[in-house]
Amino acid sequence: MSALSPIVVIGSINMDLVARTPRIPLAGQTLTGTDFATTPGGKGANQAVAAARLGAHVQMIGAVGDDVFGEALLGNLANAVVDTRAVSRIPGPSGVAQIQVADNGQNSIVVVPGTNGAVTPALIRHHTALIQAAGIVLLQLEIPLETVLAACELCAAANVPVILDPAPAAPLPDAIWPQLAWFTPNETELGLYTGSGLPPETAAKQLLARGVQGVALKRGAEGVYIAASGEEPAWIRAFPVEAIDTVGAGDCFNGAFAVSLLEGSSPADAARFASAAAAISVTRRGAQAAMPTREEVDAFLATHN
Ligand code: RIB
């Protein structure tokens, strides 16, 4: 791995405030939870930690606040061996996510961006050399959209492949599609881009026709549908596991998918590797805390044909 170019993640860094509850409360309902934890999260940071645990050289571009969460979040990334030299510490509150995890593993999340909102195009242009040297850039939509668009332009000009996870889903301009190597929505997010209820096979064709090079449509327990120009489309079925917490599972998939693609795997093999990593992650609590090591994923794949 060490000879490969780094994976650069440009994205959010949050502190997750997680309440465990029998079920997701309805509007206006108060429920008594069973436990509470404060754990590092944020879609960007989660993807960075997922890739680093699998042995990749990962550089993070983002921002945390000057509060206690900022310090803890930076420390946690450093412990996971993510290079944080391009993470700014700026005045203001760090991003937080208020999360409920139900006993059946489902979750609901409210994110307050805090200093993730300060990850501006100007801030990332400051790290142009780092982005140009990346093997793959990972993006999500928890930082300002104009920054995501600026990052995609920079990567397109430097021929750096981008994997965009459109989470949380937001309308995207037409110009972005040809700049994406991979687009990885879950079922809910996909609905915003192609209309809901379409079979994945049809939705994938629609997205490829817009110019995106590949799509990995994440369908939870159903698996992942992969389609890319010049490749046979494939369903990678999910590994059957007992999910206790799905927070960060999509991030785990993206981090692991990037690692495996960068190592030269075919898209289908990379998606299988990433599905195994995500399957392990849902059997554990927390977002970053649940990301598996390379040894764990290899052992899982060896016993799950
Ligand atoms: O994808 C999971 C993440 O979404 C959580 O860690 C939370 O911070 C929100 O950003």
Side-chain angles (χ1 to χ4, degrees), residues 9-21 24 36-53 60-65 67 69-70 72-74 76-77 79-80 82 87 93-102 105-119 138-145 147-148 163-170 183-190 216 218-220 224 243-258 274-275 277-292:
V9 183
I10 308 172
S12 58
I13 307 169
N14 295 334
M15 189 58 88
D16 290 352
L17 314 177
V18 188
R20 192 103 198 160
T21 162
I24 304 296
F36 176 79
T38 305
T39 65
K43 296 182 194 303
N46 293 347
Q47 295 186 11
V49 169
R53 285 255 170 85
M60 175 97 210
I61 302 176
V64 296
D67 51 2
F69 286 165
L73 290 166
L74 268 179
N76 185 71
L77 284 170
N79 282 342
V82 172
V87 176
S94 300
V96 290
Q98 205 181 44
I99 303 180
Q100 282 121 26
V101 179
Q106 285 181 331
N107 63 68
S108 75
I109 304 180
V110 176
V111 175
V112 181
T115 47
N116 293 308
V119 182
L138 293 176
L139 289 164
Q140 321 74 32
L141 298 179
E142 279 188 338
I143 55 172
L145 182 60
T147 309
V148 172
I163 303 180
L164 174 62
D165 199 20
F183 185 65
T184 63
N186 67 21
E187 190 170 1
T188 315
E189 292 149 5
L190 180 64
K218 295 183 263 189
R219 312 285 289 195
V224 181
I244 61 160
D245 182 351
T246 57
V247 175
D251 301 324
C252 182
F253 179 93
N254 278 50
F257 189 53
S275 295
I280 296 172
S281 78
V282 301
T283 64
R284 302 169 175 173
R285 292 199 185 179
Q288 290 166 35
M291 302 305 178

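Order of listing sets the numbers, starting from 1, for every ligand and every atom in it. Only this structure's heavy atoms are used, side chains among them; waters, hydrogens and symmetry mates stay out.
Not close to ligand 1: Gly250, with no non-hydrogen atom less than 4.0 angstrom away. Residue contacts with ligand 1 include Gly248, since one of its heavy atoms falls under 4.0 Å from the ligand.
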Let me have the donor-acceptor pairs involving side chains of residues 284-292, under 3.5 Å, with sequence neighbours excluded, atom names and distances please.
from	atom 1	to	atom 2	distance (Å)
Arg284	NH1	Ala290	O	3.4
Arg284	NH1	Glu296	OE1	3.4
Arg284	NH2	Glu296	OE1	3.3
Arg284	NH2	Glu296	OE2	2.8
Arg285	NH1	Asp35	OD2	3.2
Gln288	OE1	Asn76	ND2	2.5
Gln288	NE2	Gly41	O	3.2
Gln288	NE2	Asn46	OD1	3.0

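A side-chain contact (heavy atoms from CB on, under 4.5 Å) with Val49 is found for one member of Val9, Asp251, Leu77 and no other, namely Leu77. For the side-chain contact (heavy atoms from CB on, under 4.5 Å) test with Met60, the passing option among Val82, Leu74, Leu138 is Val82; the others fail.
The nearest heavy-atom contact from the protein to atom 9 (C) of ligand 1 is Glu142 OE2, 3.4 Å. Of the protein's non-hydrogen atoms, Asp251 OD2, 3.3 Å is the one closest to atom 2 (C) of ligand 1. Remark: minimum distance from atom 4 (O) of ligand 1 to any protein heavy atom is reached at Lys43 NZ, 3.0 Å. Atom 6 (O) of ligand 1 has its closest protein heavy atom at Asp16 OD2, 2.6 Å.
Taking every non-hydrogen atom of Gly41 and a distance limit under 4.0 Å, the qualifying atoms of ligand 1 come out as 6 (O), 8 (O). Per-residue contacts place Ala97 under 4.0 angstrom from the following atoms of ligand 1 (heavy atoms of the residue considered): 7 (C), 8 (O). Near Gly42, meaning under 4.0 Å from one of its heavy atoms, ligand 1 places the atoms 5 (C), 6 (O), 7 (C), 8 (O), 10 (O). Near Asn46, meaning under 4.0 Å from one of its heavy atoms, ligand 1 places the atoms 2 (C), 3 (C), 5 (C), 6 (O).
Without hydrogens or angle criteria, Asp16 side chain to Val18 main chain gives no donor-acceptor distance under 3.5 Å. Listed for the Ser12 side chain is a donor-acceptor partner under 3.5 Å among the backbone atoms of Lys43. Using a distance-only test at 3.5 Å, with no hydrogens or angles considered, a donor-acceptor pair links the side chain of Asn116 to the main chain of Ile13.
Not one N or O of Val247 is nearer than 3.5 Å to an N or O of ligand 1, by distance alone. Of the polar atoms of Ser12, none of the N or O atoms is found under 3.5 Å from an N or O of ligand 1, judged by distance alone.
Counting heavy atoms from C-beta on, the side chains of Phe183 and Pro166 come closer than 4.5 Å.
In this structure, CZ in Phe257 is found 11.0 Å from CG in Asp165, a value given to the nearest 0.5 Å.
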